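Structure first, commentary second.
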Amino acid sequence: MQLFDNKYYFVRDLGSGGFGKVFLAIEKVSNRYVAIKQLKNTDRSEQEHIIHEIETISKFENPNIVTYYHHFWEEETLYLMMEYCSGGSLREKILSKEITTTLALNWAQTLAASLRVIHNKGIIHHDIKPDNIVFSQNGTIKIADFGVANKDIGARAYMSPEAFQWDINTTKDPRIDIYALGVTLMEMLISENPFSGLDKEDIIEKHQSADFPIQQLPNWQQEIILKAINKTPELRFQFMIELEEALKAKSVPIIFNKDNLKAAELIELANKALKTNKWRNALKFLELAHKQYENNVAVLLALGKYNLRIQKIAASKSFYEKALKLNPRLDVQKDLGWINLEAKKYPIAIGLLSDHLHRNPADYEAYNLLIRCYYETDRYETAMELSKMIMEANPSLPCFANNYFIAFVLNSNGKSIPAKSKYEQGDNPFIGYNLSVITEKELSHNYKIKPSLKSKLLFMDFQFNTMKENTITILETNNKIFTDKSLNYPIIKFGREEYNQNDIKVSGSNAVSRRHCVIINAKDNVWLYDLESTGIYLNDERVIGKIPIIGYNKLTIGNIDYNITTDKTKLL
């Protein structure tokens with residue numbers, strides 16, 4: 001008779017799975033039956049992790065978790081000695097259709113209670129399914145295969161949609177066990193798993209249609225199942241105790257959080273202000289919300305979005321990081337892509353934006369951000385191709401025409417421009433400006449050395465697809481006889497005084513670039529762009545790239561100061 005570790009007699013095979021094989025054996029000393037698991041995994045560090053996890057769980061002495069006895073190695077192969085559960089598996093009971101509704105609900109409640117204890121210790125099972133739920137000889141239900149669950153694939157029919165990506169946040173998220181237990185509960189009650197045999201795309205489609213054969217169940221049971229298996233982790237039960245209590249109460253509790261409601265009201269006021277670019281009003285509401293609800297995820301996200309849109313990238317990144325610590329499954333890939341774009345981490349930005357667009361294919365702002373990534377990394381043909389595709393799909397968005405135009409120009413090293421039919425979008429001030437740069441008689445750029453042609457061209461951000469006329473007043477403060485200028489040009493050009501192509505001619509000789517900076521002058525949406533100049537300051541802070549002009553400001557170019565405002569009375 002075969003011996004294991006010289007202590008156990010082999011009896012028969014019990015089965016095999018993704019982890020390896022299971023044998024029934026008799027312990028020589030005690031004459032008791034044990035289950036011996038032979039693991040496929042021969043990586044020593046991963047084996048040690050499995051042993052540590054199982055030993056940790058065994059200390060809880062939970063009657064509803066299969067007991068671990070001992071382990072040993074034969075060469076590189078790890079063997080685990082476990083309690084033998086002769087009552088069979090939950091899978092066998094489902095197939096025999098011998099489960100009553102009362103038994104199913106009681107078992108689900110017991111499993112939820114046991115998993116709650118384990119989750120509180122930071123341990124996730126990863127592969128809850130009827131095959132890994134077994135029964136002792138006296139009928140006690142037990143969870144098996146902690147530590148040896150297949151952490152690479154899992155059983156697809158019990159995997160939550162977000163677990164298909166299987167990233168580091170998913171592996172640590174207890175809500176994947178909640179989902180799997182919800183599917184298992186459904187299977188116990190209707191003797192069917194509607195996800196069996198489906199591929200990932202079909203499973204996601206079934207969730208979209210909510211086509212589950214549970215209509216014959218009482219409403220409260222349907223509600224519990226649907227909440228447990230919600231495709232969105234944030235809309236599931238967040239903790240096992242919530243599922244456990246819902247089963248006890250035979251009802252999904254309505255959770256009302258007054259603080260969340262009040263925070264949402266302030267965020268809504270901020271969002272209304274942001275829609276019309278009332279930056280100061282938006283900030284007032286967001287600061288109030290943050291003061292009162294410091295760790296509210298929605299507030300942190302709103303602050304992250306606000307700071308991103310006014311180019312305060314470090315602050316935006318900080319708010320998003322705080323929100324993600326509270327909820328690692330937040331769908332913020334677009335904004336994280338935007339943050340990485342502004343930080344010039346282009347490969348990361350492209351990856352995040354591409355993934356976002358795979359799931360949100362109609363997000364035109366995200367397409368424009370992706371085009372900017374290609375533009376900034378000199379991949380002009382790719383930028384042109386994507387811009388052209390969007391122009392054909394939605395010709396009403398002028399930003400894509402402009403960005404196709406400048407990518408075409410730079411792809412030809414400034415030697416040609418596209419046919420007018422390829423880029424014309426009515427009266428597009430960005431195309432008009434960029435065309436003026438290319439055709440200027442006295443060049444503000446150099447084709448071989450700095451400043452480059454690219455540094456003087458303007459990429460058109462998505463927010464400027466709609467530009468309402470605006471009047472801005474500019475007053476030079478160094479010259480007492482200078483009269484203020486009120487301009488309504490959509491793009492106002494600043495540069496060295498002897499170059500006639502500028503709207504505001506700045507004295508200072510070589511201390512001022514030929515084309516120094518521009519102001520994008522749209523109603524409630526005024527921005528200052530530095531054109532890789534010799535230096536520009538807004539309210540005594542150096543401007544790198546672009547920044548919104550909000551309210552009354554001092555603009556410094558060389559030794560010249562200007563007061564700028566959209567309200568002329570503020571200059572008095």
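Only this structure's heavy atoms are used, side chains among them; waters, hydrogens and symmetry mates stay out. Being a predicted model, the structure only gives us computed values, none of them experimental.
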- With side chains defined as the heavy atoms from C-beta onward, is the minimum distance between Val252 and Leu226 less than 4.5 Å? no
- Message: Has Thr184 got a side-chain atom pairing as donor or acceptor with Ala180's backbone, closer than 3.5 angstrom?
- Response: yes
- Message: Looking at every non-hydrogen atom in both residues, tell me the closest pair between Ala315 and Asn307 and how far apart they are.
- Response: CB-OD1, 3.7 Å
- Query: Distance-only, no hydrogens or angles: does the Asn340 side chain make a donor-acceptor pair with backbone N or O of Leu336 under 3.5 Å?
  - Reply: yes
- Message: Between Tyr367 (side chain only) and Pro361 (backbone N and O only), is there a donor and an acceptor less than 3.5 Å apart?
- Response: yes
- Item | Contacts of type side-chain contact (heavy atoms from CB on, under 4.5 Å), residue Leu103, not counting sequence neighbours | Ile99, Thr100, Trp107
- Message: Taking Ser89's backbone N and O only, do any of them form a donor-acceptor pair with Glu92's side chain (distance below 3.5 Å, no angle check)?
- Response: yes
- Around Tyr69, counting heavy atoms of other residues, nucleotides and ligands shown, do more than 12 lie under 6.0 Å from its OH? yes
- Item | Min side-chain heavy-atom separation Glu342-Arg372 under 4.5 Å | yes
- Query: For His207, which residues count as a ring pair (Phe, Tyr, Trp, His ring centres under 6.0 Å) partner, sequence neighbours excluded?
  - Reply: Tyr179, Phe195, Phe212
- Message: Are more than 12 heavy atoms, taken from residues, nucleotides or ligands other than Gln215, located less than 6.0 Å from that residue's CD atom?
- Response: yes
- Item | Sequence-distant partners of Lys231, salt bridge (charged side-chain N to carboxylate O under 4.0 Å, His left out), two or more places apart | none
- Item | All salt bridge (charged side-chain N to carboxylate O under 4.0 Å, His left out) counterparts of Glu223, not counting sequence neighbours | none
- Query: Does the Asn394 side chain pair with the main chain of Ile390, one donor and one acceptor, at a distance under 3.5 Å?
  - Reply: no
- Query: About how many Å separate NZ of Lys21 and CG of Leu39, when rounded to the nearest 0.5 Å?
  - Reply: 12.5 Å
- Return the set of residues passing side-chain contact (heavy atoms from CB on, under 4.5 Å) with Pro347 (not counting sequence neighbours), or none when no residue passes. none
- Query: Going from CG on Leu352 to NZ on Lys345, what distance comes out if it is rounded to the nearest 0.5 angstrom?
  - Reply: 11.0 Å
- Message: Could you tell me if the side chain of Asn64 sits less than 4.5 Å from the side chain of Leu111, heavy atoms only?
- Response: no
- Contact summary for Leu185 and Ala104, nearest pair of heavy atoms: CD1-O, 4.1 Å
- Is there a side-chain contact between Ile267 and Phe285 (heavy atoms, below 4.5 Å)? no
- Message: In the structure I gave you, are the side-chain heavy atoms of Phe23 and Val11 within less than 4.5 Å of one another anywhere?
- Response: no
- Could you pull out all residues at least two apart from Lys325 that satisfy salt bridge (charged side-chain N to carboxylate O under 4.0 Å, His left out)? none
- Item | Set of side chain to side chain donor-acceptor pair (under 3.5 Å) partners for Gln109, sequence neighbours left out | none
- Tell me, yes or no, whether the heavy-atom count around Glu381 atom CD, taken from other residues, nucleotides or ligands under 6.0 Å, exceeds 12. no
- Task: Would you give the length of the straight line joining atom CD1 of Ile36 to atom CG of Asp13, rounded to the nearest 0.5 angstrom?
- Result: 11.5 Å
- Task: Any pair with a residue in residues 193-213 that passes salt bridge (charged side-chain N to carboxylate O under 4.0 Å, His left out), sequence neighbours left out, goes on the list, sorted by first then second residue, please.
- Result: Lys206-Asp211
- Within-4.5 Å side-chain heavy-atom neighbours: Ser160 and Arg236: yes
- Working for side chain to side chain contact (heavy atoms under 4.5 Å, CB included), residues Leu105 and Lys250: CA-CA 10 Å; Leu105 296 171; Lys250 298 184 178 181; 5.6 Å; no
- Query: Hey, mind stepping through Ile65 and Ile118 against side chain to side chain contact (heavy atoms under 4.5 Å, CB included) and telling me if it holds?
  - Reply: CA-CA 10 Å; Ile65 294 175; Ile118 303 303; 3.5 Å; yes
- Counting only heavy atoms not in Glu76, do more than 12 sit closer than 6.0 Å to its CD atom? no
- Residue set satisfying salt bridge (charged side-chain N to carboxylate O under 4.0 Å, His left out) with Arg116, at least two apart, ordered chain then number -> Glu244
- Query: At what distance, to the nearest 0.5 angstrom, does CG of Leu247 lie from CD1 of Ile224?
  - Reply: 4.5 Å
- Task: Look up atom CG in Leu288 and atom NZ in Lys262, then write down how far apart they are to the nearest 0.5 Å.
- Result: 11.0 Å
- Can you tell which of Tyr404, Tyr374, Tyr375, Phe400 makes a ring pair (Phe, Tyr, Trp, His ring centres under 6.0 Å) with Phe459? Tyr375
- Message: Please determine whether the number of non-hydrogen atoms from other residues, nucleotides or ligands lying under 6.0 Å from atom NZ of Lys93 exceeds 12.
- Response: yes
Show me the donor-acceptor pairs within less than 3.5 Å that the side chains of residues 290-298 make with the rest of the protein, sequence neighbours left out.
{"residue": "Asn296", "atom": "OD1", "partner": "Ala298", "partner atom": "N", "Å": "2.9"}
{"residue": "Asn296", "atom": "OD1", "partner": "Val299", "partner atom": "N", "Å": "3.1"}
{"residue": "Asn296", "atom": "ND2", "partner": "Asn260", "partner atom": "OD1", "Å": "2.9"}

- Got a second to check how far Ile203's CD1 is from Arg156's CZ, nearest 0.5 Å? 6.0 Å
- Query: Restricting to pairs with a member in residues 263-275, which pass salt bridge (charged side-chain N to carboxylate O under 4.0 Å, His left out), not counting sequence neighbours?
  - Reply: none
- Query: Do any N or O atoms from the side chain of Asn360 and from the backbone of Asp363 form a donor-acceptor pair under 3.5 angstrom?
  - Reply: no
- Under 3.5 Å side-chain donor-acceptor pair for Asp335 and Tyr320: yes
- Item | Residues Ile94, Met188; criterion side chain to side chain contact (heavy atoms under 4.5 Å, CB included); working and verdict | CA-CA 6 Å; Ile94 291 173; Met188 285 193 287; 4.2 Å; yes
- salt bridge (charged side-chain N to carboxylate O under 4.0 Å, His left out) between Glu365 and Lys334, worked out: CA-CA 9 Å; Glu365 183 178 44; Lys334 173 184 173 181; 2.7 Å; yes
- Query: Should Met82 and Thr67 count as side-chain neighbours, where that means a heavy-atom distance under 4.5 Å?
  - Reply: no
- Message: Please check this pair: side chain of Asn132 against backbone of Asp127, looking for a donor-acceptor N/O pair closer than 3.5 Å.
- Response: yes
- Item | Any donor-acceptor N/O pair, Asn465 side chain to Cys399 backbone, under 3.5 Å | yes
- Item | Flag side-chain contact, heavy atom, 4.5 Å: Lys142 against Glu83 | yes
- Asp173 and Ile124: CA distance, side-chain angles, deciding distance, side chain to side chain contact (heavy atoms under 4.5 Å, CB included) verdict: CA-CA 7 Å; Asp173 193 336; Ile124 315 300; over 6 Å; no
- Query: Within the distance-only criterion (no hydrogens, no angle test), does the side chain of His125 pair as donor or acceptor with the backbone N or O of Ala144 below 3.5 angstrom?
  - Reply: yes
- Take atom OH of Tyr33 as the centre, draw a 6.0 Å sphere, and report whether it contains more than 12 heavy atoms from other residues, nucleotides or ligands. no
- Task: Not counting sequence neighbours, which residues clear ring pair (Phe, Tyr, Trp, His ring centres under 6.0 Å) with Tyr158? List them please.
- Result: none
